[in-house]
Amino acid sequence: MTDHRRSIPRTDTLLADPRLVEARRRFGHAQVKAVIVEVQQRARDGDLSPEDVLTAVLAALPASAAGLRPVINATGVLLHTNLGRAPLSAAARQAVDLAAGVTDVELDLDTGDRGRRGRTALAALAAAVPAAEAVHVVNNNAAALVLAATALAAGGEIVISRGELIEIGDGFRLPDLLVSTGARLREVGMTNRTALADYADAIGPRTGMVLKVHPSNYRIEGFTADVPVARLSELCRERGIPLVADAGSGLLTPEPLLPREPDVTSWLTEGADLVTTSGDKLLGGPQCGLMFGRTDLVDRLRRHPLARALRVDKITLAALEATVAGPPTPTWESLHADQATLRSRAENLAARLRDKGVDAEAVDSRSVVGGGGAPGVSLPSAAVALDRRTAAALRRADPPVLARVEDGRCLLDLRVVPAEHDDTLLAGVLATLPGGSRLPAAGQVQKDVQAARPAGSRRR
Ligand SMILES: *Cc1c(COP(=O)(O)O)cnc(C)c1O
């Protein structure tokens with residue numbers, strides 16, 4: 001063994017360092033040891049000098065015990081599927097933290113008896129949608145549709161318009177999902193036009209439900225017609241068939257900024273028997289599927305054996321309740337952000353970057369809802385425009401910043417970036433410079449990151 005190798009700190013010595021004792025408490029012994037072994041090997045290979053081993057171990061520790069990393073969404077896409085759709089509000093995060101321990105999720109503390117699971121979350125949803133007789137929560141909107149199709153139409157038929165046979169993303173298609181329950185699809189109308197008579201002709205003794213789906217991620221223009229919920233519900237009532245309506249985007253009440261997006265309250269008022277929607281789109285909450293509607297139908301669904309396989313955990317229920325009953329969500333704030341304010345933030349950031357010698361300019365921009373919502377709608381926004389090559393470096397910054405490349409420039413769209421993250425964004429851009437000059441990290445993401453790891457560490 002060479003002297004060089006002999007002076008590499010031993011595993012026991014490293015593990016005893018107070019900073020690594022702390023790291024073991026946070027990440028577990030095995031993870032810390034694996035990092036040590038890896039770094040020692042680098043030193044043995046001569047890639048690292050022995051005196052730098054401890055520093056390198058600290059730097060190589062992960063940001064948290066889980067592999068997910070907080071990132072800044074500067075894409076201008078409100079609900080970015082690859083970034084986990086809606087970020088939770090501070091209230092919802094706090095609720096998650098509390099619910100993560102032992103809670104009374106299914107216990108009535110007054111009587112000591114078993115209570116209705118998630119009753120306070122269900123009560124918050126009922127209060128938010130008085131038009132609903134009853135409410136049920138499952139894992140996501142796809143699960144809500146599977147549950148409805150299984151309980152109401154398995155072995156029978158689902159009547160649905162050809163214009164509403166959508167693919168929801170990542171290759172998953174609604175028709176396949178529905179058919180997987182054992183129901184058959186009775187497709188009616190044409191891709192561009194479906195009339196009430198098409199539904200009337202198709203409903204028969206085998207019909208288990210009529211399904212209306214909001215084509216949330218595409219729009220057909222031109223010679224088109226579809227049947228509104230109000231007219232379809234009259235027909236369904238006459239024939240005694242439940243009308244299930246998939247609103248998709250999670251609006252509980254009308255949103256004036258998105259006049260073409262349906263909402264749960266309006267569809268129930270128009271006579272839908274059951275309305276399903278996602279929790280992590282425009283509602284701004286955790287991933288879940290919400291079902292609102294007639295008590296007899298909701299009871300049938302929640303008593304169905306499959307309901308148990310689709311039920312949500314206490315953490316989701318807590319986040320959902322805090323989202324529905326709590327302060328405006330980050331998604332709501334992003335949707336309603338004022339363009340003039342975004343523009344002045346962009347100008348301020350661009351000026352501060354130019355002071356540091358970065359070629360930056362404030363520009364007007366357009367944001368979109370994304371996540372399969374409000375196709376064709378864009379919201380006036382503002383961005384900091386940088387050299388297009390900055391985008392890749394920013395993705396590898398700490399915390400990572402996701403920008404948008406448009407017209408040969410890298411745009412940092414501010415609509416979805418909370419104002420308190422501007423300093424972190426600035427630090428991220430400066431860190432991509434050749435010199436790697438860094439401002440003191442002051443933004444909240446940075447604080448979140450720092451709070452979760454030992455001082456001086458870097459991402460792995
Ligand atoms: C997003 C969406 C779905 C799928 O919802 P998940 O919550 O992702 O399962 C289904 N239908 C419509 C209309 C949607 O917009």
Side-chain angles (χ1 to χ4, degrees), residues 77-88 125 135-150 158 160-181 183 185 194 209-220 226-229 232 243-252 255 258 260-264 266-268 272 274-293 301 306-307 309-313 316-317 319-320 323-324 329 331 335 368-377:
V77 179
L78 260 70
L79 298 167
H80 200 299
T81 304
N82 303 145
L83 301 180
R85 290 193 185 156
L88 295 182
L125 287 166
V135 186
H136 184 58
V137 184
V138 289
N139 257 316
N140 56 19
N141 192 18
L145 291 169
V146 163
L147 184 57
T150 307
I158 298 172
I160 182 169
S161 162
R162 290 203 169 86
E164 298 173 5
L165 299 172
I166 60 173
E167 177 169 315
I168 49 183
D170 194 25
F172 287 102
R173 297 173 166 179
L174 221 54
D176 298 341
L177 189 80
L178 295 168
V179 167
S180 75
T181 66
L185 295 189
T194 301
M209 69 190 227
V210 172
L211 179 60
K212 169 92 185 161
V213 177
H214 171 56
S216 54
N217 53 9
Y218 82 105
R219 216 162 89 184
I220 18 178
D226 72 332
V227 182
V229 167
L232 201 50
L243 172 60
V244 179
D246 171 10
S249 66
L251 293 179
L252 301 185
E255 167 53 67
L258 304 171
R260 299 174 76 134
E261 280 302 303
D263 66 279
V264 174
S266 301
W267 272 7
L268 287 172
L274 199 65
V275 179
T276 76
T277 201
S278 294
D280 56 352
K281 293 184 182 172
L282 289 167
L283 184 66
Q287 179 191 302
C288 59
L290 309 178
M291 313 182 81
F292 299 87
L301 301 182
L306 185 61
L310 306 177
R311 87 173 188 185
V312 289
D313 75 335
T316 302
L317 288 166
L320 177 61
T323 298
V324 172
T329 64
T331 301
L335 183 64
V368 295
V369 171
V377 175

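Starting from 1, each residue takes its place in the sequence as its number. Remember, it's 1-based here, ligands and their atoms both numbered in the order they're listed.
More than 12 heavy atoms of other residues, nucleotides or ligands shown are found within 6.0 angstrom of CZ on R219.
Between L88 and G285, the shortest heavy-atom distance links the atoms CD2-C, 3.5 Å. The shortest heavy-atom contact between L147 and V138 is CD2-CG1, 3.9 Å.
If you run side chain to side chain contact (heavy atoms under 4.5 Å, CB included) between K212 and each of D226, I160, D246, only D226 comes through.
Rounding to the nearest 0.5 Å places OG1 of T329 at 12.0 Å from CG of D280. With rounding to the nearest 0.5 angstrom, the CG atom of D176 is 9.0 Å from the CG atom of L178.
At a heavy-atom distance under 4.0 Å, only side-chain atoms of R85, from C-beta outward, approach ligand 1. Here N141 has heavy atoms under 4.0 Å from ligand 1 in both its backbone and its side chain. At a 4.0 Å heavy-atom cut-off, ligand 1 does not touch Q287 at all.
Within ligand 1, counting atoms from 1 as listed, the ones closer than 4.0 Å to a heavy atom of S216 are 12 (C), 13 (C), 14 (C), 15 (O). For ligand 1, the atoms closer than 4.0 angstrom to any heavy atom of K281 are 1 (C), 2 (C), 3 (C), 14 (C), 15 (O). Within ligand 1, the atoms closer than 4.0 Å to a non-hydrogen atom of G248 are 12 (C), 13 (C), 14 (C), 15 (O), numbered from 1 in the order shown. Close approach of ligand 1 to D246 is summarised as follows: ligand atoms under 4.0 Å from at least one heavy atom of the residue are 10 (C), 11 (N), 12 (C), 13 (C). In summary, the atoms of ligand 1 found under 4.0 Å from a heavy atom of S278, numbered by their order in the structure, are 1 (C), 5 (O), 6 (P), 7 (O).
Checked against a 3.5 angstrom limit, the closest N/O atoms of S249 and ligand 1 fall outside it. Where the criterion is an N or O separation shorter than 3.5 Å, residue side chain and backbone included, D280 fails it with respect to ligand 1. For a threshold of 3.5 Å applied to N or O pairs, the pair formed by H214 and ligand 1 contains no separation below that value. Residue C288 places no N or O, backbone or side chain, under 3.5 Å from any N or O of ligand 1.
Evaluation of the side chain to side chain donor-acceptor pair (under 3.5 Å) rule for S266 yields D263 as partners, not counting sequence neighbours. Judged as a salt bridge (Lys or Arg N to Asp or Glu O under 4.0 Å), and not counting sequence neighbours, E255 has no contacts.
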